[in-house]
Amino acid sequence: MAKITVSIIKADVGGLPGHVLVPEELIKVAEDNLTEKKESGDIIDFRVFNAGDDLDLIMTHRHGVDSEKIHRIAWETFELAAEKAKELKLYGAGQDLLADAFSGNVRGMGPGVAEMEFTERKAEPVLAFLMDKTEPGAFNLPIFKMFADPFNTAGLVIDPSLHSGFVFEIWDIYESKRVFMSTPEEMYDILALIGGKSRFVIKRVFPKEGGKLPADEPVAAISTEKLYLIAGEYVGKDDPVAIVRAQSGLPAVGEVLEAFAFPHLVSGWMRGSHNGPLMPVPFRYSQCTRFDGPPRVIGAGFQLADGKLIGPVDLFDDPAYDYTRQKAVEIADYMRRHGPFEPHRLPSEDMEYTTLPKVMEKLKNRFEDI
Ligand code: 13P
Ligand code: 13P
Ligand code: MG
Ligand code: MG
């Protein structure tokens, strides 16, 4: 049997109201189009989600990663949804569709992509994490914890099949370079990079050679598109998505989820210009209202059955995450009290792609030497 590919392709094609959420009407347009593609056999299965105002398409198929066919399906779906958004005069209709016409691959055209091709195991738990109001680097801390932190993932200590560790593919998104590094040996060097999450982002995680799983098949993949580097100016934060496989030589589902129990500070939130806590929420709370946030993540859990998606389970719809959410609200409130001051507002370097340069331009003739 050919390998299976899971692709999550996402775009913000319009919000209701402002940047709060994707309305039902758009979800329906996307579902109708993907139903056609499923019936015609182009994809095996799909689910459509919204992470706040981002429209997330989860598709399974056998065309591999970077498939023109699959990327075209996603692009067309976003175009149809954007048309609907324009008709409804939604906010930022078509916002993330930066190119006028599809040219073979959605990368660099606005949408975010996380996809991976692998051999489906006897039982294949696949978890999708969809974020809004933050950046790809928001995944660095939880992904690191899942695959490398023994205080998070008990299996790293008590399951010999995890002992050899994992390989992290890390991208420098400013220099367009990547490096492969191994845990546990290079853990400190890895942290030296990924702690700087606006520049260094984990793109993929692989098993090591000689283990239970093939070393060339990823076990996690994260979208790393930087919208502002594509468009040359701020056009909305590049709200990221990730796919994580679990169990049998990998972190258990509960170990993967445990990594989100700490609402760590991420950048994004209001106008993509503020630090705030990442709040794990159930699907029904995937809407960003307080100060357009706080940044949040939903988790959708599936088992794969020959590419068919069994599920989803709404992974953060659990009172066990109430404390994390409460903590996030407390941190949100604490950060908000800083108003326009750093470190609530992002440091000036990160504000370069916002509207701040316009303020500097206005004041430029009033500055004198001291
Ligand atoms: P089961 O024994 O229920 O399969 O669970 C094993 C496990 O990985 C729990 O984290
Ligand atoms: P999005 O990136 O989710 O569209 O949000 C942009 C924004 O400005 C929120 O205040
Ligand atoms: Mg938006
Ligand atoms: Mg968004």
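Just so it is clear, the structure is predicted and the values come from calculations on it, not from any experiment. Atoms within each ligand, like the ligands themselves, are counted from 1 in listed order.
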Would Glu31 and Lys28 pass as an ion pair if we require N to O under 4.0 Å?
no
For ligand 2, note which part of Met270 has a heavy atom under 4.0 Å away: side chain, backbone, both or neither.
both
Answer whether the closest heavy-atom distance between the side chains of Pro263 and Ile331 falls below 4.5 Å.
yes
For ligand 2, which atoms have a heavy atom of Asp239 less than 4.0 angstrom away?
1 (P), 2 (O), 3 (O)
Within rounding of 10°, what is the angle whose vertex is the Mg ion (ligand 4) and whose arms end at OD2 of Asp239 and OD1 of Asp53?
170°
Among the N/O/S atoms of Asp12, select the one at the shortest distance from the Mg ion (ligand 3) and name it.
OD2
So Lys3 and Thr119, side-chain hydrogen bond (donor to acceptor under 3.5 Å, both in side chains) or not? Walk me through it.
CA-CA 5 Å; Lys3 290 182 189 180; Thr119 311; 4.9 Å; no
With Glu330 via side chain to side chain contact (heavy atoms under 4.5 Å, CB included) - residues at least two apart:
Lys327
Do the side chains of Arg121 and Ser248 get nearer than 4.5 Å, heavy atoms only?
yes
Non-hydrogen atoms of Trp269 versus ligand 2: any pair closer than 4.0 Å?
yes
Relative to the Mg ion (ligand 4), which of the N, O or S atoms in Asp54 is the closest?
OD1
For the Mg ion (ligand 3), which N, O or S atom of His19 is at the shortest distance?
ND1
Name of the Asp132 N, O or S atom nearest the Mg ion (ligand 4)?
OD1
Should the pair Lys10-Asp54 be classified as a salt bridge under the 4.0 Å nitrogen-to-oxygen rule?
yes
